[in-house]
Structures are given as structure tokens and as C-alpha cells.
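The structure appears below as C-alpha cells.
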Amino acid sequence: MNRIIKFVILDILKNRIVLIYTLILAVLSWSIFSLEDNSTKGLLTLLNVILLIVPLVSVIFATIYQYNSAEFIELLLSQPIRRKKIWSGLFVGMTTSMILAFIIGAGIPLLIYAPAGIGLMMLGTGCLVSAIFIAIAFLSAVLTRDKAKGIGISIMLWLFFALLYDGLILFLMFQFSDYPIEKAMVGISALNPLSLARILILLRLDVSAMMGYTGAIFKDFFGTTTGLLISFSLLILWTILPYYFSLLRFKRMDL
Amino acid sequence: MIELKNISKNFGKLTALDNLSLQCHAGECIALIGPNGCGKTTLIKCILGIVLPGKGDILFKGENISNSFQYREHIGYMPQIGRYPENMTVGQVIEMMKEIRKSSALDEDLLNQFKLYALFDKKMRTLSGGTTQKVSATLAFLFNPDVLILDEPTAGLDPLSSEVLKEKILAEKKKGKLILITSHLLSELDDLVTQLIYMQDGKIRFHKSIEALKRDTGQDKISRSISMILKSDRHE
């Protein structure tokens with residue numbers, strides 16, 4: 001397995017798109033922090049970058065890379081290697097390189113400018129979000145053989161999690177505003193990895209006071225250590241589940 | 001050595017392999033021929049475990065290959081169109097395969113004869129189709145496998161390299177290896193193969209030794225024998 005990981009990482013790190021991604025992240029985060037005198041404001045801006053650009057680039061790049069390595073996978077399959085090893089090697093290799101790009105691009109300024117706790121937490125969330133969306137990309141890549149369809153599915157999933165889901169939540173909140181739905185909101189938010197990541201960071205930034213009663217309920221749940229552990233486990237689960245389903249499919253797939 | 005029992009494979013509504021059974025033994029050099037889309041490549045991919053058959057069993061040296069991967073150590077496969085990670089150099093690809101196979105007995109004949117050492121620093125994406133074929137061929141023979149599966153080996157190779165490859169196939173055949181070749185160039189197969197399988201619509205039309213084929217049809221070239229059989233079929 002280590003060999004495949006090594007080769008995938010070497011291949012991706014030489015990829016121009018990943019270099020540009022790292023560069024854009026670096027330019028954005030350095031400029032955000034040096035333009036804003038208040039580090040909380042900078043963090044909020046950067047949070048939106050992390051929750052939009054990182055998943056978008058991860059999911060699209062991983063899907064395209066997956067389709068482009070179809071022949072490489074076929075080559076490996078004709079060698080004495082388990083299918084599971086090929087798949088996990090690709091996943092670990094791709095995730096490691098994307099996380100590396102994220103840490104080099106956004107991680108360094110985060111650690112320099114942001115307060116230690118929140119900086120580390122944002123770094124961790126960014127890494128998890130990268131992994132989650134690579135796992136989702138793996139899933140959409142095994143769902144269809146057509147590259148265009150696969151990329152389409154990936155973009156739709158990103159759109160759903162990054163934009164549509166929040167809209168749906170808002171819609172639900174307005175429709176059911178007469179009912180005590182605050183506790184249910186915690187559950188519904190936890191179902192979307194990006195909402196979960198956003199809430200986690202926002203609560204650390206003490207802007208949750210602006211979220212009213214729902215914010216207080218969120219603080220009650222996500223603000224505690226147990227809540228934090230549960231949310232991070234949920235994020236990890238969001239990585240494992242799509243990957244696991246893609247692996248099941250890959251094992252039965254014709255190439 | 002390789003035994004296929006009632007293999008069927010469907011791609012949606014299309015039947016690629018239809019209840020196909022086949023036995024191959026060591027020392028044979030088998031040509032797999034048939035019109036485009038008759039299931040040759042699917043058959044090969046089934047043996048390699050790249051395509052999983054819908055029904056039936058494939059035995060390699062008496063063992064079922066489903067859920068097994070170790071048996072591929074004994075197979076060298078040259079794909080029809082070999083594509084490799086674009087950013088890797090020829091040297092890196094060969095190194096990677098060596099690391100994966102962990103085999104010590106390397107057969108570097110083709111590596112030397114194709115003069116691939118001179119191209120070791122070239123990126124895979126800059127190689128021409130023929131040079132990529134040379135890399136594929138080298139990789140198939142590199143680990144001294146007992147079984148060689150060559151999918152259109154000479155397509156895209158220049159005459160000189162094609163001759164080198166044919167010589168190599170002959171040499172391996174003499175060592176008692178099982179060799180499976182698919183090709184559309186029947187004239188090239190004449191001095192290579194001992195057996196011939198003609199496939200059509202996912203079924204084996206006939207599986208004969210070359211002597212029997214030539215004797216039955218009274219021709220001395222494979223291409224003529226086959227066209228005779230196909231013509232006589234049409235008249236019936």
C-alpha cells in the first residue's frame with residue numbers, strides 16, 4: 001500500500017492545479033490577515049473560504065483525478081495487489097497531498113495570526129473537510145463511468161452541502177417558527193458536514209450571541225467537550241462512510 | 001493451467017461472453033481472434049480479474065481466482081492501449097512495477113533490446129504510442145511470468161521492434177510458458193502460435209490446433225484457413 005500512496009502523492013504534488021490551489025489559499029489567507037486588524041474578522045472571512053473553496057477544489061480535483069487514473073488503476077489491477085489496497089492507497093495518497101496543500105496554503109498564516117486554539121481547530125476542520133469531500137468524490141466517481149456525469153454529480157453534491165442545505169434549513173425554520181424546533185435544528189445541522197464545521201468554528205468565535213436562542217441551544221450542545229467530541233466524530237464518520245460505500249462498489253466493479 | 005467454466009458476462013443488455021468454457025495448458029501459444037467486439041478483451045480481463053464475470057468460475061492452476069489476487073504474480077499482461085500516470089517518467093514506472101512485484105528474477109531482455117534506458121528520464125505523456133507499447137511489452141515480460149497475456153502486442157510497433165517482440169515471444173514459448181495473444185494481423189501469427197481460438201458474439205466458434213486447422217482446410221496459411229471456414233459457414 002505504501003508504494004501506491006508514495007506514487008500518488010508524488011504525482012499529485014507535481015500537478016499544476018494543486019500548486020495553483022496552494023498558491024490561491026496562501027494569497028487569500030495572507031491578505032485577509034494582513035488587511036484585517038481584528039483577527040476574529042479575518043477568521044470569519046477565512047472560514048467562508050475554507051467552507052466554499054476547499055470542498056469545491058477537493059471534490060472536483062479528486063473526481064477528475066480519479067477518472068484520469070482509470071488506466072493506472074487498470075494497470076495496478078493486473079498486478080498482484082488487492083483491490084482494497086489500490087483504493088485505499090489512492091484515497092490516502094490523494095487526501096495526504098490535498099491536506100498538505102491546505103496546510104501549506106492556509107495553515108501557516110492561520111497558526112501565525114490566529115489565536116492558538118481557534119487556529120488549530122480551523123486547521124483541523126479544513127483538513128477534515130478536504131478528506132470528506134475527497135471521499136464524496138470517490139463515491140461519485142464509482143457511481144458512473146461517464147466522466148462528465150461523475151463531475152456533475154460531484155458539483156451537485158458540493159452545491160447541495162455548501163449552499164442549498166443552508167437554504168433548506170432557513171426555509172424549515174421559517175415554516176416551523178411557531179414550534180420549538182431548536183433541538184431538532186442541532187440534529188439537522190449535524191447531518192451536513194459543512195454546517196457542522198461552520199457551527200463549530202462560529203461558536204469558538206463568540207459571535208454565537210448573534211444567533212439568538214438557537215445559538216444558545218447550539219452553544220449548549222456543541223460548546224461542551226462532549227459536543228465537540230461528537231461533532232468531530234461525526235465529521236470523521238462523514239469521511240469514512242462515503243469512502244466505505246465507494247470501496248464496496250469498487251470491489252464489484254468492471255474496469 | 002487456466003480453466004474457464006461456463007463464463008457469462010453481460011454489460012447491460014449486451015452479452016459480452018456467453019456461457020464460455022475453455023482450457024489452456026502450459027507450453028501452448030494460443031491466438032485469440034475474432035471480429036471487433038466479439039469479447040476477446042473481455043475474456044482476457046476476466047482472467048486478470050479486472051472484469052468480474054457474472055456467472056461461472058475461472059481456475060488458475062486449479063484454484064478459483066475470485067477473491068484471490070496472488071495468482072496475478074504469475075501473469076504478465078500487455079494491454080491493448082497502455083496508459084500510465086502522465087507525470088511519471090519511464091524509469092519511475094518500471095521502478096514502481098519492480099517494487100510492486102518484489103521479484104528478484106528479472107528478465108531485462110526487452111529493456112535492453114528496445115533501448116529503453118535511453119528514455120528513462122522521459123515523462124510518459126511525451127512518449128509516442130509505439131514507445132508506450134514498448135514499455136507495456138517490457139513490463140509484461142520483466143518478471144518472468146509463467147503466463148503471458150498479450151492484447152494486440154504488435155499494433156503500433158515499428159517493423160523492427162515488432163520483430164524483436166516476436167523473437168521474444170518465440171523464446172518464451174520454448175521455455176514452456178503459456179502465451180495468449182489476440183491479434184487482427186493473422187499473417188504475423190503463422191510462425192508463433194500452436195492453437196487458435198475463433199470467437200464470435202461472446203462464444204467460441206472453434207478451438208483447434210494449427211496442424212488440425214491446416215489439415216482440415218488444406219491450406220498452409222492461418223489467414224486462408226480461417227477465411228475458408230468462414231466462407232463455408234456462409235454457404236450452409
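Naming: A, B, ... by sequence-line order, numbering from 1 per chain.
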What would the table of donor-acceptor pairs between chain A and chain B look like if you include every N and O pair under 3.5 Å, whether backbone or side chain?
residue: A:D11; atom: OD1; partner: B:N87; partner atom: ND2; Å: 3.4
residue: A:L77; atom: O; partner: B:R72; partner atom: NE; Å: 3.4
residue: A:L77; atom: O; partner: B:R72; partner atom: NH1; Å: 2.7
residue: A:Q79; atom: O; partner: B:R72; partner atom: NH1; Å: 3.0
residue: A:Q79; atom: OE1; partner: B:R101; partner atom: NE; Å: 2.5
residue: A:Q79; atom: OE1; partner: B:R101; partner atom: NH2; Å: 3.0
residue: A:I81; atom: O; partner: B:R72; partner atom: NH1; Å: 3.2
residue: A:R83; atom: NH2; partner: B:G49; partner atom: O; Å: 2.9
residue: A:R83; atom: NH2; partner: B:I50; partner atom: O; Å: 2.9
residue: A:D254; atom: OD1; partner: B:K9; partner atom: NZ; Å: 3.4
residue: A:D254; atom: OD1; partner: B:L52; partner atom: N; Å: 2.8
residue: A:D254; atom: OD2; partner: B:K9; partner atom: NZ; Å: 2.6
residue: A:L255; atom: N; partner: B:I50; partner atom: O; Å: 3.2

inquiry  = ring-ring contact (aromatic ring centres under 6.0 Å, His included), that's the test. Do A:Y21 and A:F61 meet it? Break it down for me.
reply    = CA-CA 10 Å; A:Y21 169 63; A:F61 178 77; 8.3 Å; no
query = Measuring from A:I9:CD1 to A:T96:OG1, what's the distance to the nearest 0.5 Å?
reply = 4.5 Å
query = Which heavy-atom pair separates B:A26 from B:L178 by the least distance, and what is that distance?
reply = CA-CB, 4.2 Å
message = Between B:F11 and chain A, with a heavy-atom cut-off of 4.5 Å, which part of the residue counts as in contact: side chain, backbone, both or neither?
response = side chain
inquiry  = Between B:I33 and B:M199, is there a side-chain heavy-atom distance shorter than 4.5 Å?
reply    = no
query = With side chains defined as the heavy atoms from C-beta onward, is the minimum distance between B:L43 and B:L17 less than 4.5 Å?
reply = yes
message = Need one label for A:F72: side chain, backbone, both or neither, based on atoms under 4.5 Å from any heavy atom in chain B.
response = both
remark   = So CD1 of B:I2 and CD1 of B:I47: to nearest 0.5 Å the spacing works out to 4.5 Å
task = Not counting sequence neighbours, which residues clear side chain to side chain contact (heavy atoms under 4.5 Å, CB included) with A:I230? List them please.
result = A:F221, A:T226, A:L234
